[in-house]
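Reviewing the structure listed below.
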Amino acid sequence: MSGIRFTDEFKRDAVAQVVDRGYSVVEVSERLGISTKSLYTWKAQFSQPRKQILETTEQAAEIRRLKKELARVSEERDILKKATAYFARDAK
């Protein structure tokens, strides 16, 4: 595995060459220097209806936002627990 990461834009452009412009998968993969397996995988991933891709992207963004918020709220809760324990100890 080469470990090269390609942007979603690059992947979509590669898929568009096959789907929209009619080039063969082999021709596009050779020209771009990628494996045909990768291109077939991207084709399956990005040839979904545009609306479905947009919904999936929006859901992923919402999940990331919620995870960040959960981490922040959990940290605040932990701080409050420690403060409560500290003041309860001093009250005795």
Side-chain angles (χ1 to χ4, degrees):
M1 185 171 165
S2 65
I4 297 174
R5 296 268 185 207
F6 296 101
T7 64
D8 285 347
E9 182 179 358
F10 177 85
K11 294 174 183 179
R12 283 189 184 96
D13 288 343
V15 170
Q17 289 183 31
V18 174
V19 175
D20 299 336
R21 297 182 200 125
Y23 292 109
S24 71
V25 171
V26 173
E27 183 180 359
V28 173
S29 65
E30 287 175 355
R31 193 167 1 107
L32 297 177
I34 58 176
S35 70
T36 55
K37 182 181 182 320
S38 294
L39 191 51
Y40 278 116
T41 302
W42 300 344
K43 186 178 174 192
Q45 178 183 4
F46 291 108
S47 64
Q48 300 170 352
R50 188 77 173 153
K51 182 179 177 184
Q52 186 178 2
I53 292 171
L54 184 59
E55 288 175 359
T56 303
T57 305
E58 289 173 353
Q59 289 172 349
E62 178 71 4
I63 289 170
R64 282 192 302 275
R65 185 190 67 77
L66 290 171
K67 284 183 177 183
K68 285 181 184 178
E69 184 177 349
L70 177 61
R72 181 185 56 81
V73 170
S74 295
E75 185 178 355
E76 289 174 358
R77 181 205 61 213
D78 292 343
I79 291 170
L80 289 174
K81 276 183 174 180
K82 290 176 184 178
T84 303
Y86 175 77
F87 288 117
R89 187 182 70 221
D90 285 349
K92 290 183 182 180

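In this text, all values refer to a predicted model and were calculated from it rather than measured experimentally.
Partners of Glu75 under the side chain to side chain donor-acceptor pair (under 3.5 Å) rule, at least two apart in sequence or in another chain, do not exist in this structure.
No path of Ile, Leu, Val, Met, Phe, Trp and Tyr side chains, each step under 4.5 Å between heavy atoms, connects Val26 with Ile34, placing them in separate hydrophobic clusters.
In plain terms, the two heavy atoms of Ala14 and Val28 that are nearest each other are O-CG1, 3.9 Å.
Note on residues 76-85: pairs passing side chain to side chain donor-acceptor pair (under 3.5 Å), not counting sequence neighbours, are Arg72-Glu76. Sorted by first and then second residue, the pairs that involve residues 23-35 and meet side chain to side chain donor-acceptor pair (under 3.5 Å), not counting sequence neighbours, are Gln17-Arg31, Ser35-Ser38.
For the atom pair Ile63 CD1 and Lys67 NZ, the distance stands at 7.0 Å (nearest 0.5 Å).
For Glu9, the CD atom counts as loosely surrounded, since its 6.0 Å shell holds 12 or fewer non-hydrogen atoms of other residues, nucleotides or ligands.
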Item to complete: For side chain to side chain contact (heavy atoms under 4.5 Å, CB included), just list the numbers for Phe46 and Asp8, CA-CA rounded to whole Å, side-chain angles, deciding distance to a tenth of an Å, and then say yes or no.
Response: CA-CA 9 Å; Phe46 291 108; Asp8 285 347; 3.7 Å; yes
Worksheet item: Can you list the steps and then say if Lys43 with Leu39 is a side chain to side chain contact (heavy atoms under 4.5 Å, CB included)?
Response: CA-CA 6 Å; Lys43 186 178 174 192; Leu39 191 51; 5.7 Å; no
